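Okay, so here's the structure we're looking at.
All chains are named by letter (A, B, ...) in the order of the sequence lines, taking the proteins before the strands, and each is independently numbered beginning at 1. A quick note: this is a predicted structure, and the numbers were derived from the prediction, not measured. All heavy atoms count here, side chains included; hydrogens, waters and symmetry mates do not.
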Number of protein chains: 2
Amino acid sequence: MGRTPAGETRGKVFAFVRDRLLAGQPPTVREVQEALGFRAVRTAQQHLERLVEEGRLVAGRHRARGYRLPGSSEGARTVLAPVLGRVPAGALDAAVEDPDGYLPVDARGAAAGDLFALRVRGESMTGVGILPGDLVIVRRQPTARNGDLVVARVGDEATVKTFRSRGRRVELRPENPAFAPIVLDAGAVAILGKVIEVRRILGAHGGAGA
Amino acid sequence: MGRTPAGETRGKVFAFVRDRLLAGQPPTVREVQEALGFRAVRTAQQHLERLVEEGRLVAGRHRARGYRLPGSSEGARTVLAPVLGRVPAGALDAAVEDPDGYLPVDARGAAAGDLFALRVRGESMTGVGILPGDLVIVRRQPTARNGDLVVARVGDEATVKTFRSRGRRVELRPENPAFAPIVLDAGAVAILGKVIEVRRILGAHGGAGA
DNA sequence: TACTGTAACATGCAAATGTATGGTATTGTC
DNA sequence: GACAATACCATACATTTGCATGTTACAGTA
């Protein structure tokens, strides 16, 4: 029977599988077969094997719908972090139950429930490229090390600052000369977690504004 | 045997399935079983059936890894955007096929294949809070409007700048006084896409450094 | 022609996986 | 206690689906 020039079909197979994977719906070998118009399962199968050899796909052996894109296979798993509009005093867990939305986060190491996101208010951290309206993704932990970017609760407010320990006191340092550090007794500060990522959603319309 | 108070476990089952689905890796019934610590497949199965009854999930009958989120064909969906180390001249598609990894992105509106991510080099955009090493998430499009933050190819380099049209010429403006704008004939600039999000991964260890 | 490599075909088997049958324990209600 | 409802368990069955075996067709090359 007739064939197709070298590599051409392979590219189409890859494109199909990639699109399906990126859409969150891994295809079966038979779905690849149908999509490409092959009359034998084996044909689709062979193309997939080749793509794996070439390193363009990763196969999960004997696993249904087991093909993945390299780099997204193991280790890196996506979870959803709740976006908290504000953190009510003493009720982080309650706030997590009623979020403003969810953000997909590449949770390497962190458990799903350990992450949340907060919207930054104020310009106190512009010195490290964190602007008002930015989202910080936070891993919950009760302690911090010097230099960590943390979310801490001071009174009823949750705030993003750089953490620094000074003897029995704690300094929450803004990264903007116009703001003064907050120095408190260690007992008066509750560390909610550590900032592991910063995001700025620009949206489909607006520009970046100088 | 013992049980768990009403609804509590169901929520965990749903959270697990939802996270997996949004991560692009639909779970099997047995994976749900293991993740929740059930000793019988049937238990996970029953929870899934309930979630379908409640309308929180949609089942694909007899389909492997067939559970879906209702309305997942539309609306906000998480997709994986390929992270491109660099963009070879004229071969964006080729670069997309061999990415450094993938980032989960909340793709509202954008098709899965339309998104990619680039790592920012240089300090030309620090004025808008984009630092060296930051990741920009880009939606592919061949045109831009004034003020848009774009990724453009000038010669063999892909660069992030603010777009501005000046008659038949195009200005690619850095957001840092130390850098000069690039002004070129419109034909000499290829717009690769528009920046829709900026990310900075701080990682588990290092702080933010002033 | 013969040989080699690639692309495709037809078909069967076995592992993975959804679904069903039936049973045990705990809680709450009457 | 009797009854119902819920949560869970143990196991069997049926479909889906990955993978293997073997074959045919075409192109290029010696």
**OP:** Specify the separation, in whole Å, of atom CD of Q45(A) and atom P of dC13(C).
**Re:** 16 Å
Original post:
Hey, is the side chain of R42(B) pairing donor to acceptor with the base of dT11(D) inside 3.5 Å?
Top reply: no
Original post:
Taking atom C1' of dT6(C) as reference, at what distance in whole Å does atom CZ of R50(A) sit?
Top reply: 7 Å
Subject >> Neighbour count >12 (heavy atoms, 6.0 Å) for atom CD, E123(A) >> reply: no
**OP:** Show your reasoning for whether side chain to side chain contact (heavy atoms under 4.5 Å, CB included) applies to L57(A) and L69(A).
**Re:** CA-CA 5 Å; L57(A) 286 179; L69(A) 292 169; 3.9 Å; yes
Original post:
E34(A): what forms a side chain to side chain contact (heavy atoms under 4.5 Å, CB included) with it, not counting sequence neighbours?
Top reply: none
**OP:** Could you check whether T28(B) gets within reach of a base, just the sugar-phosphate, or nothing at all, counting any heavy atom under 4.0 Å?
**Re:** sugar-phosphate
Original post:
Is there a side-chain polar atom (N or O) of T43(B) under 4.0 Å from OP1 or OP2 of dC9(D)?
Top reply: yes
Subject >> Spacing of E53(B) atom CD relative to dA5(D) atom P, expressed in whole Å >> reply: 14 Å
Original post:
Could you walk me through whether E171(A) and R169(A) pass the salt bridge (charged side-chain N to carboxylate O under 4.0 Å, His left out) check?
Top reply: CA-CA 7 Å; E171(A) 175 185 349; R169(A) 301 181 81 76; over 6 Å; no
Subject >> Integer-rounded Å distance: dA20(D) C1' and Q33(A) CD >> reply: 16 Å
Original post:
When the nearest nucleotide of DNA chain D is assigned to H47(B) and to R61(A) on a heavy-atom basis, which residue is associated with the more 5' position?
Top reply: H47(B)
Original post:
Quick one: is dT17(C) close enough that its OP1 or OP2 comes under 4.0 Å of any side-chain N or O from R65(B)?
Top reply: yes
Would you tabulate the pairs of protein nitrogen or oxygen atoms and nucleotide nitrogen or oxygen atoms of nucleotides 12-15 of chain D closer than 3.5 angstrom?
none

**OP:** Let me know the distance between CD of E31(A) and C1' of dG18(D), rounded to the nearest Å.
**Re:** 13 Å
Original post:
Whole Å only: how far is the CG atom of L36(B) from the P atom of dA7(D)?
Top reply: 13 Å
**OP:** Would you kindly check whether a donor in the side chain of Q46(A) faces an acceptor in the base of dA7(C), or vice versa, at under 3.5 angstrom?
**Re:** no
Subject >> Given dT17(D), dC9(D), dG18(C), the nucleotide with the shortest approach to the side chain of A64(A) >> reply: dT17(D)
Subject >> Qualifying residues under side chain to side chain contact (heavy atoms under 4.5 Å, CB included), relative to L131(A), sequence neighbours excluded >> reply: T126(A), D134(A), R200(A)
Subject >> Whole-Å gap separating C1' (dT24(D)) and CZ (F38(A)) >> reply: 16 Å
Subject >> With sequence neighbours excluded, residues passing side chain to side chain contact (heavy atoms under 4.5 Å, CB included) with V41(B) >> reply: V29(B), R30(B), Q33(B)
Subject >> Side-chain N,O (R39(A)) to OP1/OP2 (dC9(C)) below 4.0 Å >> reply: yes
**OP:** Would you tell me if any nitrogen or oxygen in the side chain of Y67(B) comes within less than 4.0 Å of OP1 or OP2 on dT19(C)?
**Re:** yes
**OP:** Hey, could you give me each pair passing ring-ring contact (aromatic ring centres under 6.0 Å, His included) that has a residue in residues 29-61 of chain B? Not counting sequence neighbours.
**Re:** F38(B)-H47(B)
Subject >> Contacts of type side-chain hydrogen bond (donor to acceptor under 3.5 Å, both in side chains), residue E197(B), not counting sequence neighbours >> reply: R199(B)
Original post:
What is the distance, rounded to the nearest whole Å, between atom CG of L51(B) and atom P of dT19(C)?
Top reply: 14 Å
Original post:
Counting just side-chain N and O atoms, does T9(A) come under 4.0 Å of either OP1 or OP2 of dA8(C)?
Top reply: yes
